[in-house]
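Okay, structure first, notes after.
In what follows, chains are A, B, ... by sequence order, proteins preceding strands, each numbered from 1.
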Protein chains: 2
Amino acid sequence: MSGKRRASANVTIIDIAREAGVSKSTVSLVLKGSSLVAEETRDRVSKAMSKLGYVYNRGAANLRGAQSSIVGMVINDLANPFFAELAIGIERVLRTSGYIPFIANTAESVVRQAEVVRSMREHGASGIILCPALETEGREVNDLLDLGMPLILAIRRVPGARASLVASDNAAGAARVAAHLISLGHRRIAFLGGMEAMAVRKDRVAGFTRALEEAGLHADPALMLESMPSKDGGFTAMSNLLTRSEWPTAVVCFNDVVAIGAMLAMGRKGAVAGRDMAITGFDDTAEARQISPPLTTVAVDAGDLGERAAQMLLRQIASGSRTPETYIGEARLVVRESCCPPPRKRKVS
Amino acid sequence: MSGKRRASANVTIIDIAREAGVSKSTVSLVLKGSSLVAEETRDRVSKAMSKLGYVYNRGAANLRGAQSSIVGMVINDLANPFFAELAIGIERVLRTSGYIPFIANTAESVVRQAEVVRSMREHGASGIILCPALETEGREVNDLLDLGMPLILAIRRVPGARASLVASDNAAGAARVAAHLISLGHRRIAFLGGMEAMAVRKDRVAGFTRALEEAGLHADPALMLESMPSKDGGFTAMSNLLTRSEWPTAVVCFNDVVAIGAMLAMGRKGAVAGRDMAITGFDDTAEARQISPPLTTVAVDAGDLGERAAQMLLRQIASGSRTPETYIGEARLVVRESCCPPPRKRKVS
DNA sequence: GGCATGATATGGAACGTTCCAATAAATTTA
DNA sequence: TAAATTTATTGGAACGTTCCATATCATGCC
């Protein structure tokens with residue numbers, strides 16, 4: 001009563017074999033769709049399987065070296081629609097090749113990430129696409145590679161990791177939005193969001209700074225604000241910024257969700273993006289189009305990046321090669337209504 | 001060369017045992033954290049494990065009847081933020097109990113759903129939380145239950161299924177928005193989105209119809225429009241509606257993403273929600289607040305539903321009971337700016 | 001010294017597959 | 001008709017774990 005409580009004891013190929021009057025080997029052959037077994041026998045076995053409610057035991061098969069058909073997809077923030085789009089792109093490719101992607105969320109926790117990755121390895125995942133959590137170290141990634149696990153890093157590069165990477169051109173994208181704002185006449189431009197330690201942020205800040213310098217400006221350290229790369233993070237950081245006596249005239253946000261959080265914070269103070277302050281995002285998620293005012297941002301095509309990552313992974317699984325490859329997707333400026341020229345009078349409240 | 005290409009041959013507890021100078025049984029005990037093994041031995045074994053890069057083989061363990069610590073989470077539309085919120089709620093509960101949720105997306109395909117569920121069973125999932133795809137039959141769900149698989153249906157009920165259910169009060173919610181629109185003076189109210197066959201839609205339509213009838217109105221079949229429960233679906237259906245010579249003055253949308261799609265379609269024709277037509281949603285996703293105008297909708301608290309579903313599943317796994325339970329979450333009306341009284345002149349173009 | 005006792009450690013069978021080598025039966029070839 | 005070939009089928013070992021029953025070795029007690 002307190003022990004095993006499996007409703008129906010597990011049905012195995014041996015039970016099927018007995019029922020169909022053949023050997024377990026024959027059942028195994030039927031399972032693999034082998035042409036070595038006679039039509040009539042195959043039918044009899046199939047009948048027995050559905051009659052007894054047989055469930056294939058993948059664990060036992062893997063034990064004998066069979067390839068499991070799952071691929072792990074480790075995502076740092078499922079609530080960010082950008083990652084949902086990425087996941088869907090990955091799925092588009094994987095499903096056509098017979099792999100089933102299992103998604104797990106780490107919510108930016110490296111501890112959780114380690115658990116999740118371990119669990120996927122334990123279950124015999126054939127490969128992993130990893131959107132690394134915030135403080136992921138190169139070493140963790142390399143350990144995985146050393147075990148021979150096919151692994152693709154997506155979206156976020158990890159310094160020191162020898163893994164393949166699929167990401168967007170962060171520096172170029174950030175430079176493009178910054179140049180756009182400068183051309184509108186902005187001089188005091190803030191960079192808001194993302195954590196200092198993130199490589200992606202470093203890249204975007206580098207592009208941002210470069211654009212400013214090319215225009216003879218310099219990036220003011222007082223206007224470089226950290227935040228978690230989430231809506232809440234953007235909200236908090238912008239709320240702080242708005243308590244200052246002098247506001248920047250434009251804010252380059254780390255990504256779209258940060259920008260949306262920032263715009264929400266502005267709304268609380270009666271300020272409006274595209275009128276009192278120019279705001280830009282990064283990613284071009286569906287939300288960037290829907291929010292009001294529509295967000296000027298950098299289009300990245302998450303779905304395409306997902307497809308590339310999946311293709312790269314499949315290639316590595318098939319070839320057995322672990323040579324790191326890199327794909328950098330284009331980062332296109334998309335101008336919408338969230339950016340205005342600098343207003344004459346800056347302070348609102 | 002062409003055969004197995006595992007970078008490092010698999011390390012097993014036997015290798016660890018040899019390295020540490022103990023028997024495999026002792027290694028197994030260390031793995032389980034048993035107190036039967038001496039401190040000093042435990043250390044030696046742990047050292048050997050990290051030295052050789054040991055990976056626990058869950059498949060082999062499951063073979064001996066061990067409980068796998070994964071739970072499957074099958075989601076019909078990952079692109080809908082409502083389901084992302086649900087997933088996060090589920091995760092909040094599961095992670096504290098040592099289970100790791102593996103998420104898989106079915107994109108509303110029953111075929112895909114069957115594949116995904118089978119894969120999860122094959123990998124020894126301890127239970128499944130299922131947001132059923134569009135045309136899921138009661139039989140499919142019952143087959144799963146008959147195998148003894150702990151299973152909770154989330155969000156969408158499936159007629160004929162004997163499974164536990166966690167969902168929101170669809171009829172009451174729809175009745176509330178309809179009553180609200182009627183109190184604003186609307187008489188020609190459309191219901192837009194969702195597929196005829198969906199039980200959830202039937203429930204919402206029933207509440208909608210009841211509210212109309214209580215006000216002495218009747219639901220006009222010409223104003224009941226089907227669509228896929230997605231943004232694209234809402235866009236297409238509203239585009240069609242707008243080609244008619246007479247518009248309704250208010251539209252109750254199946255859910256928020258349909259409503260957002262519908263508002264996008266209105267925008268294309270120069271019409272504005274909350275001015276030319278009242279629009280409502282269902283779910284109260286973050287987007288409902290962010291879009292312009294903010295969407296009047298029915299708040300459902302996806303995170304809470306996710307937590308309930310997870311708790312229910314854990315209870316069933318622990319107790320071994322498969323008695324169906326039901327939790328119906330409250331559906332609260334949230335009034336925002338997307339609803340106006342009926343305009344005097346209706347047609348815009 | 002003989003004997004329980006408790007603390008650690010261990011061999012071996014079992015779990016459900018796969019796959020090789022072997023067999024049996026039917027068919028073709030010489 | 002014997003031998004060779006083809007077509008179907010099968011037993012058994014192996015995969016990496018768990019867990020039971022058993023073994024070893026100090027201790028402490030009579």
[X] has an atom [atom1]; how far is it from atom [atom2] of [N], in whole Å?
X: A:I16; N: D:dT9; atom1: CD1; atom2: C1'; result: 18 Å
X: B:L63; N: D:dC15; atom1: CG; atom2: P; result: 14 Å
X: A:I14; N: C:dT18; atom1: CD1; atom2: C1'; result: 12 Å
X: A:D43; N: D:dA8; atom1: CG; atom2: P; result: 14 Å
X: B:R64; N: C:dA13; atom1: CZ; atom2: P; result: 12 Å
X: A:E122; N: D:dC15; atom1: CD; atom2: P; result: 21 Å

Look at the side chain of A:K24 and decide which nucleotide, out of D:dG11, C:dG16, D:dT17, has an atom nearest to it. D:dG11

Identify which nucleotide among D:dT17, C:dT18, D:dT9 has an atom closest to any side-chain atom of A:K32, counting heavy atoms from C-beta outward. C:dT18

For [X], answer base if it contacts any base atom (sugar-phosphate contacts may also be present), sugar-phosphate if it contacts only those atoms, and nothing otherwise; contact means non-hydrogen atoms under 4.0 Å.
X: A:T26; value: base
X: A:V27; value: nothing
X: B:S25; value: base
X: B:V45; value: nothing

Minimum heavy-atom distance A:M312-A:T326, with the two atoms named: CE-C, 4.2 Å

Under 3.5 Å, is there a donor-acceptor pair between the A:S164 and A:Q316 side chains? yes

Base of C:dG11, side chain of B:S23 - is there a donor-acceptor contact under 3.5 Å?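 Counting by modelled atom types and ignoring angles, no donor-acceptor contact under 3.5 Å is found here.
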
Check ion pair B:R315-B:E325 (N to O, under 4.0 angstrom):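 Counted as a salt bridge, because a side-chain N and a carboxylate O are separated by less than 4.0 Å.
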
So, the side chain of A:S68 versus the backbone of A:G124: is there a donor-acceptor pair under 3.5 Å, distance only?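 Yes, because the side chain of A:S68 sits within donor-acceptor range (under 3.5 Å) of the backbone of A:G124.
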
State whether B:S28 places a side-chain N or O below 4.0 Å from either non-bridging phosphate oxygen (OP1 or OP2) of D:dT18. yes

